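To keep things clear, I will list the structure first and then write my remarks on it.
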Amino acid sequence: MSAALLEVESLTVHHGQLCAIDDVSFTQRQGEVLAVVGANGAGKSTLLRTIAGLHRPTSGCVRLDGKDINDLSVSRRVALGISLVPEGRRLFSSMTLEENLQVGAYHANPGPFDIKRVYELFDWMPGRRKQSVWQLSGGEQQAVAIGRALVANPRVLLLDELSLGLAPIIIEKIYALVPEILAQGVSILIVEQDVSQGVSAADRVHCLLEGRTSMTGTPAELTSEEIDRAYFGAGLVAPAVTSGVVE
Amino acid sequence: MIWLNIVIQGALVGGFYALFACGLSLMFGVLKVINLAHGDMAVVAGYVAVFLSPRLHIPGLWSFLVVVPLFALLGYVVQRTVIQKSIDRDPFTTLLVTFGLSVVIENLLLEMYSANGQSINIGSLIGESWHPASIIYISYVSLAVLAAAVLVLLALQLFLSKSGIGRLIRAVADDQEAAQLSGANYRHVFGIAAAIAFATVALAGIAYGMMTQFAPTSGGVNLLFAFEVVVIGGIGSLWGTLVGGIALGIAQQFGAHINLSYQILAGNILFLAVLAVRPQGLFGRRSSLA
Ligand SMILES: Nc1ncnc2c1ncn2[C@@H]1O[C@H](COP(=O)(O)OP(=O)(O)OP(=O)(O)O)[C@@H](O)[C@H]1O
Ligand SMILES: [Mg+2]
């Protein structure tokens, strides 16, 4: 439970001139759910994409099991156990549901998840496995995206805004999977714009504001007022705001 | 009967066009690279066949058994070195690099072989044909090329839809980043796609060398036809490529029937008409344009 799995140290990432992540550090322990919350454009996706290897950091490093992985390609990182469910799901649009999962399984690590196990997790899938993914609803597509990442048997699963564009009841269903995934020994790093969502699922919360760490702690330690301040920045918090649902 | 003959002859040429174009379509669909040296690769394959078959004592007809695997290997290597380097810089660089390759290849071939036409010797087979009705002659070579085109496209279709590597190729074509996130080493996948593209273009080059004569500069005009086929059929659709090839072949035969000098013009008109009415091509998906 306590071994450090994923470490991000003084990470700084630029998009051209723009500094999207500025000196961010945190440690995710084995078996932990860590939520990174932040408003639109705070740099959450950039952070996850850098961990997954899609962006090169300007400085700082990402370590897995204490080993610096900065120079590894995306596919090498998947082989080491880092899988990202990207923002907007990014399914293979010319393929069926099952083919999407098969692509994920092609380079899979050994472990508890395979396509059959994913079909147990989402019992509606087997009956629709031959359907093109664009025929699925947003929530179903999100489930396929999660399944595609799970079949690779990651050690840490990076989830970028699962709730984007989904109805609350669907979001609830998807988050209900978190304990099941954890039980298989997969640690989870969640990114959410929706604070309440992130906080309720997480063991620890890390708040980003304009690329910088504005707050970190366990949900129990943090009052919603503190979270709001960290989320929106000082001076921007209206007293009435209690939940961070902004679109 | 004349019309039937136009359709038949058009379809026969169209088989060759499809064979020639499918590599171009694959390179564009998967790597997003427009290979301006595609036509020249076919010509090189023709020269390699002419060069190797007497030395290895294999008849011209069977030279593809050596040249096609050789080109598959060449495709992988060229992709992993020259083309990947230019992709890594920016998409525009790939145009410059493949254009440069095209110029270099043409000039090297001119230097080595002069501008004289050559062909791959297949003996008396070249003149033989099936004569099912009064004015209809179906050349065995052309028929074999059409059959080869259908077989190649069928095999490619099966490979892409049923095999693991084939699915990875489609995944990379759909969304390169998402494919990487699924563990695919996209450079390797690119290499495999390029290997297939080079193999098919080598086959097409050899087919061309058997059907007619080729010269160092034959690549250019064939490249134009290949572009037309891909656009008419729809990018990323293999059956579209076959239908596009046959449609272009028939249009050209039709033009030639009216006036010999209209042959290429008629093909161009079909191409423009498809672009105007159905820019995604006959079998293309609209979304793949985005
Ligand atoms: N590829 C890119 N090129 C240039 N700028 C980018 C790129 N991606 C993100 N940015 C910029 O970097 C900043 C952080 O973006 P990022 O997508 O990481 O934020 P986010 O927290 O995920 O936002 P959201 O909640 O909207 O998903 C933004 O200002 C964004 O405009
Ligand atoms: Mg984001």
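We name chains A, B, ... by the order of the sequence lines, and we start the count at 1 in each one. All figures in this text were calculated on a predicted structure; none of them were measured in a lab.
- Counting only N and O atoms by type, the side chains of A:S94 and B:D174 include a donor and acceptor under 3.5 Å apart.
- Ring-centre distance between B:F16 and B:Y208: below the 6.0 Å cut-off.
- Environment of NZ in B:K85: sparse, with no more than 12 heavy atoms of neighbouring residues, nucleotides or ligands closer than 6.0 Å.
- Annotation: maximal heavy-atom pairing with chain B below 4.5 Å, among A:V85, A:N100, A:V103, occurs at A:V103.
- Among B:A184, B:A179, B:A171, the residue making the largest number of heavy-atom pairs under 4.5 Å with chain A is B:A171.
- With a 4.5 angstrom heavy-atom cutoff, A:L54 touches chain B only via side-chain atoms.
- Around the CD atom of A:E210, the shell of radius 6.0 Å holds no more than 12 heavy atoms that belong to other residues, nucleotides or ligands.
- If you tally non-hydrogen atom pairs under 4.5 Å between each of A:R148, A:R77, A:M95 and chain B, the highest count goes to A:M95.
- Neither the backbone nor the side chain of B:A173 comes within less than 4.5 Å of any heavy atom of chain A.
- Applying the ring-ring contact (aromatic ring centres under 6.0 Å, His included) definition to pairs two or more places apart or across chains, none involves residues 74-108 of chain A.
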